[in-house]
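Working notes, structure below.
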Amino acid sequence: MAAKMNGAAAAPRLEVRKIRKAFGQNVVLKGIDLSVKAGEVVALIGGNGAGKSTLMKIIMGIYSCDGGEILIDGAPAKLGKPAASLAAGIYLVPQEPLLFPNMTVLENILMGFRESESELKKRLAKHMEELGFNLNLQRKASTLSIAEQQLVELLRGLMRNARILILDEPTSALTFGEVQALFNVVRDLRRKGISMIYITHRLNEVFEIATDVAIMRDGLITLEGPVEHFTKDMLIQGLLPSDAQAQREGGKAYEPVRYSELKPVMQVRGLTGYGFSDVSFDLYPGEILGIAGVVGAGRTELISTIFGRDKTLGGTVTLDGKDITGLPTKRILQEGINFVPEDRHMHGLFKIRSISSNTTSALLDSAEIGRVSMNRRRQAQIAQKYVDDFRTKVVSLEDLIGSLSGGNQQKVVIARSLSTKPKVVILDEPTRGIDAAARSDVYGIIRQLKEAGVAVLMVSSDIEEVVELADRAITVFQGRINGEFSREEITQDTLTSASFGIEKERMV
């Protein structure tokens, strides 16, 4: 039962009572009670597999519930189909954009409307002005970055004048300026009486934008109430599993890298590619090197070029003294570098294969599981190890990867990259879409790599993540490295300032 801190009584705009849902033997929702009033922003946080996505899909009419009821403005509502939820004024802005790639931005946004195009364009222009978005409406959706796709999804929701708006990780791929613009829109919607459920894994956002917070764990709301009744530490404790304290007490203290005793495992000199130029840095065994910067600064283009995905226009990359500049990705993998992509759906998953197959697919050319006829017993052992290490919630290793929540899918992608035992691991937003408890598990795995002498090159938009993990950090601004910071110099203030090209006197 939830430990609830009640505010003033009022009729909820949306209320779910005792909602239950199971998929076979897997009970996902065990009797959920949740409500949101007019003008409230309820931040919903919880672990991967806690049931957040399932609950939202029931509210949106994508799934039917096994028990319980949904009320809108105090009256029971039948929301068995998405059309019924949309008609009731409910709109879900998904975390993973669902755009038609061969259609334009304008076509994607206006699809399904019956009003005149001229009136729709006026409304759209107003929303874009309020948000500070500057999108070319004639661009094909396939050319958009993840951040731009997220903006299109948000515009879709705003255009439908939803009375109940569900935002699923809306800032996961936005820049600082875009996040602040979004928050301004959320505040404006609150003033207009719009009710919002705001799903996030960024706890700082809870205190900045939400009026109320609810923690979901193992299919139940376990804690809820006004935001002012909580601290960040209280929320973290509410999210962590019961054995987390024992794990923390058994953890090892941070061990700094002794650079004077090491030779670089990877050296980048004057590297130039599409979106960046003249980048140089060293990466040492057992080092976690963080790369910070705003979206569009050239970070992802840099690491994609190192990994052989994009063309090298100049400069060199060496691994253990061997020139690997411009090698194809397959050769880069063989030389000892592996990669965790930012967009797991586009680049990280075999959607119609099992959890086990996805975890071990990078080993198909290895002696461990074979090339043509796989050693399925060894494959299962490897997959199970990473399921245990990452606390990945699975029913069976042979289930399709699509049966997992987004965060658990990301864990499988990370596990696959680590399964090859690389010398260097490149992580592009490794905890994107991962909750606080699972994030702690991933951090533990990254630290284990460090202890084993593996070099980690980590791109992250989460400054707290870089501060938490990095031995050194570099910042990328407009395609160039404009700052390098030692462990002692890495703070949120210094990295944020450098990412926006501020305080250049501190830069290298």
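Being a predicted model, the structure only gives us computed values, none of them experimental.
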Q: For Thr300, enumerate each residue passing the side chain to side chain donor-acceptor pair (under 3.5 Å) test, keeping only those at least two apart in sequence or located in another chain.
A: Asp428

Q.
Using the side-chain contact (heavy atoms from CB on, under 4.5 Å) criterion, which residues pair with Gln448? Sequence neighbours excluded.
A. Ile445

Q.
Going by ring-ring contact (aromatic ring centres under 6.0 Å, His included), name the residues that satisfy it together with Phe339, two or more places apart in sequence or in a different chain.
A. Phe307

Q. Under the salt bridge (charged side-chain N to carboxylate O under 4.0 Å, His left out) test, which residues partner Lys140, sequence neighbours left out?
A. none

Q) Do the side chain of Thr312 and the main chain of Gly314 share a donor and acceptor less than 3.5 angstrom apart? A) no

Q: Please determine, by modelled atom types, if Glu398 and Ser396 share a side-chain donor-acceptor pair under 3.5 angstrom.
A: no

Q. Hey, are Glu464 and Lys232 close enough for a salt bridge, meaning a charged N less than 4.0 Å from a carboxylate O?
A. yes

Q) Sequence neighbours excluded, which residues qualify as ring-ring contact (aromatic ring centres under 6.0 Å, His included) partners of Phe281? A) none

Q) If only atom types and distance count, is the side chain of Asp471 paired as donor or acceptor with the main-chain N or O of Ile288 below 3.5 Å? A) yes

Q: Apply side chain to side chain donor-acceptor pair (under 3.5 Å) to Ser499 and list each qualifying residue two or more places apart in sequence or on a separate chain.
A: none

Q | Which residues share a salt bridge (charged side-chain N to carboxylate O under 4.0 Å, His left out) with Lys322, sequence neighbours left out | A | Glu335

Q. Are Glu148 and Arg139 close enough for a salt bridge, meaning some N to O gap below 4.0 Å?
A. yes

(Q) Please list all pairs meeting side-chain hydrogen bond (donor to acceptor under 3.5 Å, both in side chains) that have one or both residues in residues 272-281, counting only residues at least two apart or in different chains. (A) Ser277-Arg480

Q. Does a donor on one side chain and an acceptor on the other come within less than 3.5 Å for Ser460 and Asp462?
A. no

Q) Sequence neighbours excluded, which residues qualify as ring-ring contact (aromatic ring centres under 6.0 Å, His included) partners of Phe23? A) Tyr63

Q) Among all residues two or more places apart in sequence or in another chain, which pass the side-chain contact (heavy atoms from CB on, under 4.5 Å) test with Gln138? A) Thr104, Leu106, Asn136

Q. Partners of Lys263 by salt bridge (charged side-chain N to carboxylate O under 4.0 Å, His left out), sequence neighbours excluded?
A. none

Q. Roughly how far, to the nearest 0.5 Å, is the CD1 atom of Ile209 from the CG atom of Asn184?
A. 8.0 Å

Q) Residues in salt bridge (charged side-chain N to carboxylate O under 4.0 Å, His left out) with Asp320, at least two apart? A) Lys423

Q | Ion pair check, Arg299 and Glu429, cut-off under 4.0 Å | A | yes

